[in-house]
Novice: 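Right, I'll just put the structure down here and ask away after.
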Amino acid sequence: MKTLFKRSKRHQLATLLTNSIFLVIGVLILVMVLQNYQVNREVVAQEVERTKTQTQSLVQEIFNFHLKSLVIHQDSYSRSESLVDAVLSEDANAVDRFFTALDQTIPNLSPDFRLLATSDGVVWDDGNYQFYGLSHKQLSAMNKGAVFGNDWHLSQTPSSMGTRYLMVRRTPVVNLTSGEVVAHLYIGVVLNNNFSLINVIEKGSNADELFLTVGSEVVASSTKTVDSRHIKWLEQHSTSFNASRYMVSKTDLTISGVATYLSVYTVQSNEHIEEFVKSHYLWMAVTGILIAFVAFYTRLWLGKRVSVELNKLMTYIQTTVSMQKTDTFQGSSIEEFNRIGENFDLSFKRIKEREKQFADLFNFSLTPITLWSRDCELIRYNSAAEKSFRDNETRDHLLCALEPHIRMCARGSNLTGVNTTIGGKTYRWNLSPIISDDSTKQIMAQGQDITSFVEAEKQSQAAKEEAEESARVRADFLAKMSHELRTPLNGILGVSQLLKHNSKGKEALEHIDVLCHSGEHLLAVLNDILDFSKIEQGKFHIQHSEFRLADLLNTAEKIFRPLCVEKNITLNINSDVRQDMWADSDQVRLNQILFNLISNAVKFTHTGSVTVSLNCFARNSGHQLEIIVADTGIGIAEEQIDHVFEPFVQAEATTTREYGGSGLGLAIVHSLVELMNGSIRLSSEVSKGTSVSVALPIKISYGERNPETTSLLVEPSELFDESIHALLVEDNHTNAFIAKAFCEKYGMKVTWVQDGYNAIDFLRENSDVELILMDNQLPNLDGIEATRIIRDELRLNTPIYACTADGLEETKRAFITNGADYVLVKPIKQLALNKAMIHFKENFYKGR
């Protein structure tokens, strides 16, 4: 009887479990069907909308690509020398032949009509405008009345064939040799019945039908039958996202990002969407039947096996948790339940081990550990904490110090590196919340006595600040004293030179020679001190320029050979450097490195020779310059070699007394080599000599450089008969000073402003400016943008001569496109400015 009762009870539990699961599955199926239906509708709507968006983007991209192709084609042949020569020679037949050849080569990129215009009016047209009902008068009005940049302009105009919608673009025809704009080339596209444009968009967008509209008017389409019903039908279907038979997409066209009144309607078949919806509904029904079958089978399976094993697993877990025993799990016939039971068994054992480890760590830790409640009550502490905070007073201090951090940690934050000072000692605390059931139950705080570390850190910081201040004061002192001494010293040397040329007595000349040599020696020492001071302060920079590499040795030989002859020693020069080798580096610093090394070699050599080798060879992707200076002088002891590159250090204490010097020469050479990404090696032997080798990366080019002629074509004083008011826009004072001085040679009255905004404000208030010299890189507003504003907004025709430092063709073209009349490349030479002034006189100067 007891056995039957247990079986009945177990059977009822399984029935309840399986019935519940079956009910849940049934509800889920119903929800799934309803949700699937809704999702299907949304997916279809989103797919239709996505397809429309893609079609709109594709139509716009194809339209932009077509216009961009016309622009690139127009800009390319507007710089053609053949076209420029034909315009300058006013040969209309040559212009016709030029464009006919272009149209035959690339017929797909031919505009509907072209014309060339100058300030005198239309000088040439291809005659195609008459085919579209336009007149020559309308072309002239287009040239005189419209102000174009380099963008497309959309307009409508009446014609003998009705209203015509046009897209027109203008570009300057530039003589690349002189930089002069000889004419403006207009190209036009007629949108009415433009079947070529419609076909390009239709093929690229995969549309079945395509309509180009202006407002409610269809101006071009891929179908021959068009009436007002098309517009209503297109508008109605373009705003619908349902799965209908046709999908209509409306694209509002933009040109260069600017909205227009042009729209393109594309019509595409939507049959695949309809088929997709029907297929989806069919598979939904099949899936529902399969799910119902699986649910029924699951109910039977759970009733027979899963319920029993699940109950066994739950019994084990409840027993282990309630009794706090770690009995071994007896296993289950279901593999998954067996793994779950084994994992629970392993987890319970690990938790037990970790609890023991935590207790040992807490009790036997040498650092104070405390356990706090959320309300800042001290629950527990270890023996180390008890020793550190024995009395109630220190515990109260501890609570006051940690209370705000404990409350912050109670909200779930982990805090590290919290420093507190209690009882004259500094402790660093790490606080972490103990979280259970997604809420903070307790807070653990672990501390460390860091009093000794804090004191050591304070002493280290003080020593660091003292050393940095000492280095800064020394560097500032050296720099200031060097600058202060150089001024009177240069005066002394200058007067000494004057006295030397004017004195005739032998004794006086000897005294003056002593004064000159002493002054030059002191000046060299001060220059070394000043250079080293700049290096220490990080104010020393390498400046690149192009120079002939052979000039290094030529200059060194001229300076040091007389000194070697005077000391009766031999100076040997070895080099593989060719005369046509040009280096891109800092010539001044290379001379300084070479001269310091040779100077030291000559100074410390009494007999024998000084050998200087300069070699350049290819290495990796560049070149390497090798300088070797070897002598037969007094040499350096081995233990002193490592110290000779330090500042104010010489090999022996007697060296300064015997040979003089500041001890900075090799230190400066070492610093310069490091700044130039090179390396230096020194080898020496006492009484036998010293060899210093320097290796530097360097850029090398070959060839001869033709000196630029400086002869002027016309004398500045003879070019203009009256003074010209010129506006100079330049932010650099030195460049402005030079440019102003050049212009004043031509009798010009020069007004100088420092940026583009000041130039625009000045031009608004002064109308007598006859010439504008415009720099490129200006603060606030650059020269190209300032030129555009002067032309497009101020509507001024004042000649603008641009001045740019980069010399790039893109910069020149940008200036010309935005309205500049001439481009000068910096640095401005007198000959280049002379040519520019001649161009100004021939093209813009009217005289009085």
Side-chain angles (χ1 to χ4, degrees), residues 68-92 94-99 101-102 109 111 114-126 142-143 146-153 168-188 771-776 782-792 796-826 832-833 835-845:
K68 187 64 177 178
S69 300
L70 290 174
V71 169
I72 294 173
H73 195 49
Q74 180 189 12
D75 289 344
S76 63
Y77 60 64
S78 65
R79 304 295 188 270
S80 172
E81 294 183 0
S82 301
L83 180 59
V84 172
D85 294 339
V87 173
L88 292 176
S89 61
E90 299 181 359
D91 188 351
V95 176
D96 288 336
R97 289 192 299 271
F98 176 81
F99 285 114
L102 286 176
L109 294 180
R114 298 188 184 93
L115 61 95
L116 286 169
T118 63
S119 58
D120 297 329
V122 177
V123 298
W124 176 88
D125 62 76
D126 58 2
M142 182 188 307
N143 176 47
V147 177
F148 291 94
N150 58 354
D151 294 326
W152 287 96
H153 293 264
V168 182
R169 183 177 184 270
R170 185 186 76 175
T171 188
V173 179
V174 180
N175 188 340
L176 297 180
T177 303
S178 65
E180 180 183 4
V181 177
V182 300
H184 286 91
L185 172 64
Y186 292 80
I187 65 171
L771 175 62
I772 301 172
L773 297 176
M774 180 68 69
D775 187 23
N776 181 19
D782 61 54
I784 295 175
E785 181 63 17
T787 300
R788 186 195 65 78
I789 293 174
I790 292 171
R791 290 291 187 247
D792 295 347
L796 294 179
N797 295 322
T798 306
I800 300 177
Y801 280 38
C803 304
T804 174
D806 53 30
L808 297 177
E809 188 64 30
E810 291 79 1
T811 305
K812 297 179 182 179
R813 186 174 300 173
F815 261 118
I816 294 297
T817 302
N818 284 275
D821 300 286
Y822 199 92
V823 179
L824 285 166
V825 179
K826 291 182 179 180
L833 183 64
K835 293 179 180 179
M837 291 299 102
I838 294 173
H839 178 271
F840 170 75
K841 181 177 181 180
E842 293 176 350
N843 294 274
F844 302 104
Y845 180 65

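Here the structure is a predicted model, which is why all the values come from computation and not from measurement. This chain uses plain numbering: 1 for the first residue, then up along the sequence.
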Novice: Do Tyr822 and Phe815 have ring centroids that are under 6.0 Å from one another?
Specialist: no

Novice: Which residue is it: Val182, Leu102, Leu88, Val173? I am looking for the one with a side-chain contact (heavy atoms from CB on, under 4.5 Å) to Leu83.
Specialist: Val173

Novice: Of all the heavy-atom pairs spanning Val95 and Ala86, show the shortest one and how long it is.
Specialist: CG2-CB, 3.7 Å

Novice: I'd like to know if the side chain of Asp821 reaches the main chain of Tyr801, judged simply by a donor and an acceptor atom lying under 3.5 Å from each other, with no hydrogens or angles considered.
Specialist: no

Novice: At their closest point, which heavy atom of Pro172 faces which heavy atom of Val181, and how far apart are they?
Specialist: CB-CG1, 3.8 Å

Novice: Could you check if a side-chain atom of Asp126 sits within less than 4.5 angstrom of a side-chain atom of Asp96, using non-hydrogen atoms only?
Specialist: no

Novice: I need the minimum non-hydrogen distance between Lys812 and Val823, along with the two atoms involved.
Specialist: CG-CG1, 3.7 Å

Novice: Output the distance between atom NZ (Lys841) and atom CG (Asn843), rounded to the nearest 0.5 Å.
Specialist: 12.5 Å

Novice: Should Thr171 and Arg79 be marked as a side-chain contact (heavy atoms from CB on, under 4.5 Å) after you check the CA-CA gap, both sets of side-chain angles, and the distance that decides it?
Specialist: CA-CA 10 Å; Thr171 188; Arg79 304 295 188 270; 4.2 Å; yes

Novice: Hey, are Asp75 and Arg169 close enough for a salt bridge, meaning a charged N less than 4.0 Å from a carboxylate O?
Specialist: yes

Novice: Rounded to the nearest 0.5 Å, what separation is found between the CD atom of Glu90 and the OG1 atom of Thr118?
Specialist: 8.5 Å

Novice: With side-chain contact (heavy atoms from CB on, under 4.5 Å) as the test, would you mind laying out the steps for Asn776 and Ile784 before giving the verdict?
Specialist: CA-CA 6 Å; Asn776 181 19; Ile784 295 175; 3.9 Å; yes

Novice: Measure the spacing between NE2 of His839 and CG of Leu824 and express it to the nearest 0.5 Å.
Specialist: 10.5 Å

Novice: Verify, without hydrogens or angle tests, whether Arg114 (side chain) and Ile187 (backbone) share a donor-acceptor contact under 3.5 angstrom.
Specialist: no

Novice: Between Asn175 and Glu81, does a side-chain contact (heavy atoms from CB on, under 4.5 Å) hold up when you go through it step by step?
Specialist: CA-CA 7 Å; Asn175 188 340; Glu81 294 183 0; over 6 Å; no

Novice: With a 6.0 Å cut-off on the ring centroids, do Tyr186 and Trp124 count as close?
Specialist: no

Novice: Could you tell me which non-hydrogen atom of Ile816 sits nearest to which non-hydrogen atom of Gly179, and how far apart they are?
Specialist: CD1-O, 3.5 Å

Novice: What closest approach, in Å, do Arg97 and Asp91 show between heavy atoms, and which atom pair accounts for it?
Specialist: NH2-OD2, 4.2 Å

Novice: Got a donor-acceptor contact below 3.5 angstrom from the Gln74 side chain to the Pro111 backbone?
Specialist: no

Novice: Could you give the distance from NE2 (His153) to CG (Asp151), rounded to the nearest 0.5 Å?
Specialist: 6.0 Å

Novice: Please check if any side-chain donor atom of Asn818 sits under 3.5 Å from a side-chain acceptor atom of Thr787, or the reverse.
Specialist: no

Novice: If you round to the nearest 0.5 Å, how far is CD1 of Ile800 from CZ of Phe844?
Specialist: 10.0 Å

Novice: So how far is it from Leu796 CG to Thr798 OG1, rounded to the nearest 0.5 Å?
Specialist: 5.0 Å

